[in-house]
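Residue numbers begin at 1 in each chain, while the letters A, B, ... track the order of the sequences.
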Number of protein chains: 4
Amino acid sequence: MSDDAAANQAANDETPTAGASESLGVTGERLRSFIERIERLEEEKQALADDIKEVFAEAKATGFDVKTIRKIIRMRKQDIDQRKEEEALLETYLAAIGMV
Amino acid sequence: MSDDAAANQAANDETPTAGASESLGVTGERLRSFIERIERLEEEKQALADDIKEVFAEAKATGFDVKTIRKIIRMRKQDIDQRKEEEALLETYLAAIGMV
Amino acid sequence: MSDDAAANQAANDETPTAGASESLGVTGERLRSFIERIERLEEEKQALADDIKEVFAEAKATGFDVKTIRKIIRMRKQDIDQRKEEEALLETYLAAIGMV
Amino acid sequence: MSDDAAANQAANDETPTAGASESLGVTGERLRSFIERIERLEEEKQALADDIKEVFAEAKATGFDVKTIRKIIRMRKQDIDQRKEEEALLETYLAAIGMV
DNA sequence: GAATGGTCCCATAGGC
DNA sequence: GCCTATGGGACCATTC
């Protein structure tokens, strides 16, 4: 493993005045905080995924072909990506010739 | 592919005099609306994915091992999923013995 | 992608007396061998899938509810997976605190 | 998990005096048997999937492009399927004209 | 034919 | 910098 001590739950007492449990508690708190933040975000992300699914369902109910819609969206995304790339390239060129 | 509604990408008729073209325009509008709603949601979803990545990066910078954190999160999720499934199974059993 | 090129990376001459076409032949042999091995394995895999289907059918004929059986099997699998993951996590922790 | 409860909607009686509860025990046995047969088969199926993965890995290590190999296999499968279909159609025609 | 679950493929991310 | 591993998305088969 790369980092020193992964989830340092075992470990060394860093605050001499405190008990071992204290510093452990702090580390644990931070870890828990990270985990919960991530879980919260993933929950929201999942909610959005569900929303998207719903919209597809609605489109389907309206009589549209979902697969085709997906294809269109993919194409549009490609276009956007490409456009962004082109703009980025343009920026690079402009920067290269000192036009900021 | 189901050709009928599917390919209605044309959609750009905005002639006020209506007729078949008018309904196509309407269909096109609806299609565009669906697509844009989805794109908007996917954008937000992507933003959340980026946020999550950031939190992982922050945790890593703090000295935690990302891989381990991922594992913990996965396990917690498994717990939740399993609990849900157990409840679903119970429902199934109840239904099977006619207890609705 | 250039499909033709794809398979040619192996192309080193193993028979010093042969020309390029010979080494290509060897490469082709190896490729064919891989493909046939995979196809054979997939055939067996498919046969097993069919067997499983049969067992489900038999269970159904016996009066069991297939859906419920599926759910039970899924849950049992989850249990096993989770146990494995817990062990893996333990390993990770042990490694993290230097207990190999 | 409470395996015994399974699809035995009533359940856990193993009283030696038999009666309805005895037949339930028998039912439980059958259910368990089905489940274990399926699990065994899925295990083998998974083993084959792993084997296939290994072969792909070996092919890759040899210098072949996995994606392309997949494509070839897919094409060959299509050919086989098509051939089967043609044969089936031929059978149908032969049957239709009374040539068994 | 609609919904669901399972499988496969790809693209990205992290490790060596 | 490659290469493996993991997660997400698409497709497909099956069930109700």
**Spacing of I38(A) atom CD1 relative to dG7(F) atom P, expressed in whole Å** = 13 Å

**Request:** For F34(C), check ring pair (Phe, Tyr, Trp, His ring centres under 6.0 Å) against everything at least two apart and list the hits.
**Result:** F64(D)

**Item:** With E36(C) via salt bridge (Lys or Arg N to Asp or Glu O under 4.0 Å) - residues at least two apart
**Value:** R32(C)

Pairs under 3.5 Å (N/O, protein and nucleotides 12-15 of chain F):
residue	atom	partner	partner atom	Å
dT14(F)	OP1	K53(C)	NZ	2.7

**Distance in angstrom units between L48(D) CG and dC8(E) P, rounded** = 12 Å

**Request:** Quick one: list whatever passes salt bridge (Lys or Arg N to Asp or Glu O under 4.0 Å) with R37(B), sequence neighbours left out.
**Result:** E58(A)

**Request:** Measure the CD-CD1 distance between Q82(A) and I80(A) for me, rounded to the nearest 0.5 Å.
**Result:** 11.5 Å

**Request:** Whole angstrom is fine here: how far is it from NZ in K77(A) over to C1' in dA11(E)?
**Result:** 11 Å

**Prompt:** When the distance from CD1 of I72(C) to P of dG5(E) is rounded to whole Å, what number comes out?
**Reply:** 16 Å

**Request:** Measure from CD on Q46(B) to P on dG7(F) and round the result to the nearest Å.
**Result:** 17 Å

**Message:** From NZ of K84(B) over to P of dG5(E), roughly how many Å is that when rounded to an integer?
**Reply:** 13 Å

**Fill in**
Of F56(B) and E42(C), the one whose closest nucleotide on DNA chain E sits nearer the 5' end is E42(C)

**Prompt:** Is the closest side-chain heavy-atom distance between L31(C) and I69(D) below 4.5 Å?
**Reply:** yes

Would you mind writing out the side-chain donor-acceptor pairs for residues 44-51 of chain C within the sub-3.5 Å range, not counting sequence neighbours?
residue	atom	partner	partner atom	Å
Q46(C)	NE2	D50(C)	OD1	3.2

**Asked** Is any side-chain nitrogen or oxygen of K71(C) closer than 4.0 Å to OP1 or OP2 of dT4(E)?
**Response** no

**Asked** What's the CG-P distance between L41(C) and dC8(E), to the nearest Å?
**Response** 13 Å

**Request:** Scan R74(A) against the nucleic acid and name what it touches under 4.0 Å (heavy atoms): base, sugar-phosphate only, or nothing.
**Result:** nothing

**Message:** Once salt bridge (charged side-chain N to carboxylate O under 4.0 Å, His left out) is applied, what residue pairs with a partner in residues 70-80 of chain B remain, sequence neighbours excluded?
**Reply:** E39(A)-R76(B), R74(B)-E85(C), K77(B)-D81(B)

**Spacing between I69(B) atom CD1 and dG15(E) atom P, to the nearest angstrom** = 11 Å

